[in-house]
Amino acid sequence: MSLLKKLTFILLTASIFTAAPSIMAKPAGKIENQTEEQLLAIFDDAIESVETVQQALENGAADKKEMLALYKKAKQNLNRIESATVNREKERANGYLRKSRSAYKKGNMEKAKEQIAKAVESFKGLKTLYLNF
């Protein structure tokens with residue numbers, strides 16, 4: 001009986017150790033798997049999308065649905081940036097974007113334009129911060 005318990009314990013332990021690496025693996029697309037070229041392209045996409053929002057606000061885009069879609073795309077592009085170097089500044093940029101969207105939804109265009117201008121500068125600052133780190 002003792003031999004059977006030891007054999008069962010050894011098989012159980014071996015199965016756990018063979019499964020552990022696949023369970024512990026990071027999913028594709030996380031920080032460890034992004035190349036610098038991909039990250040720089042993501043920074044450029046994020047900057048371009050927030051500038052699109054700013055231009056639409058300046059031009060007085062009439063369709064609210066389209067504007068909210070532009071805000072959403074800018075936020076999604078910002079969230080694709082996965083770098084511990086810029087996390088705090090990324091949160092600040094997201095705050096400016098959120099405040100601009102909120103002001104736009106309330107109809108306060110001046111505040112929306114002011115906040116989106118801060119967001120554009122903050123998005124550009126993210127790339128500069130990353131490159132100078």
Side-chain angles (χ1 to χ4, degrees):
M1 189 65 163
S2 173
L3 181 61
L4 184 60
K5 285 182 183 178
K6 288 180 184 178
L7 197 67
T8 305
F9 178 72
I10 290 170
L11 289 174
L12 182 62
T13 306
S15 66
I16 289 173
F17 282 119
T18 57
S22 63
I23 293 171
M24 301 291 283
K26 300 255 185 226
K30 290 297 179 190
I31 295 170
E32 291 81 7
N33 298 328
Q34 277 185 338
T35 64
E36 188 168 345
E37 294 82 25
Q38 289 172 330
L39 193 55
L40 292 176
I42 292 170
F43 277 118
D44 292 337
D45 289 345
I47 292 168
E48 182 182 329
S49 63
V50 77
E51 285 176 340
T52 303
V53 174
Q54 185 180 31
Q55 289 172 354
L57 279 175
E58 293 297 326
N59 295 337
D63 190 19
K64 189 172 186 177
K65 212 174 200 180
E66 286 179 22
M67 277 301 296
L68 294 178
L70 290 174
Y71 275 110
K72 183 177 182 178
K73 183 178 179 186
K75 181 177 171 81
Q76 287 173 340
N77 283 335
L78 178 65
N79 287 336
R80 289 178 44 213
I81 298 171
E82 295 179 1
S83 173
T85 309
V86 296
N87 274 347
R88 179 62 191 121
E89 290 302 315
K90 185 173 108 171
E91 290 175 14
R92 186 172 285 129
N94 189 25
Y96 293 137
L97 188 63
R98 187 176 60 244
K99 288 176 186 174
S100 176
R101 181 179 184 273
S102 176
Y104 175 78
K105 283 177 72 175
K106 292 177 182 175
N108 189 348
M109 296 305 267
E110 291 304 314
K111 185 174 180 184
K113 289 177 185 178
E114 176 186 322
Q115 292 298 319
I116 202 67
K118 289 180 182 179
V120 168
E121 292 306 312
S122 188
F123 275 53
K124 290 179 181 178
L126 287 174
K127 185 175 181 180
T128 305
L129 179 66
Y130 178 77
L131 291 173
N132 292 336
F133 183 74

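The side-chain hydrogen bond (donor to acceptor under 3.5 Å, both in side chains) check on N77 picks up S49, R80, with sequence neighbours excluded. In terms of the salt bridge (Lys or Arg N to Asp or Glu O under 4.0 Å) criterion, E66 has no residue partners (sequence neighbours excluded).
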ask   = What's the verdict on side chain to side chain contact (heavy atoms under 4.5 Å, CB included) for T35 and Q38, showing C-alpha distance, side-chain angles and the deciding distance?
value = CA-CA 5 Å; T35 64; Q38 289 172 330; 3.2 Å; yes
ask   = Is there a side chain to side chain contact (heavy atoms under 4.5 Å, CB included) between E58 and I116 once you walk through the steps?
value = CA-CA 10 Å; E58 293 297 326; I116 202 67; 5.7 Å; no
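At a threshold of 4.5 Å between non-hydrogen side-chain atoms, the residues L78 and L126 count as touching. Side-chain contact between I47 and V120 is absent, with no heavy atoms from C-beta onward closer than 4.5 Å. Counting heavy atoms from C-beta on, the side chains of L39 and E36 never come closer than 4.5 Å.
Distance check, rounded to the nearest 0.5 Å: CZ of R92 to NZ of K90 gives 14.5 Å. Going from atom CD of E82 over to atom CG of N87 covers 9.5 Å, rounded to the nearest 0.5 Å. Interatomic distance, CD1 of I81 versus CG of D45, reported as 9.5 Å (0.5 Å rounding).
Closest approach of T85 to L129, counting heavy atoms only: O-CD2, 3.9 Å. Between Y104 and M67 the shortest heavy-atom distance is OH-CG, 3.3 Å.
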Only pairs under 3.5 Å count here: list side-chain donor-acceptor contacts from residues 93-101, not counting sequence neighbours, and write none if there are none.
from : atom 1 : to   : atom 2 : distance (Å)
N94  : OD1    : K75  : NZ     : 3.4
S100 : OG     : Y71  : OH     : 2.7
S100 : OG     : A112 : O      : 2.9

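Note on residues 108-133: pairs passing side chain to side chain donor-acceptor pair (under 3.5 Å), not counting sequence neighbours, are D44-K127, E51-K124.
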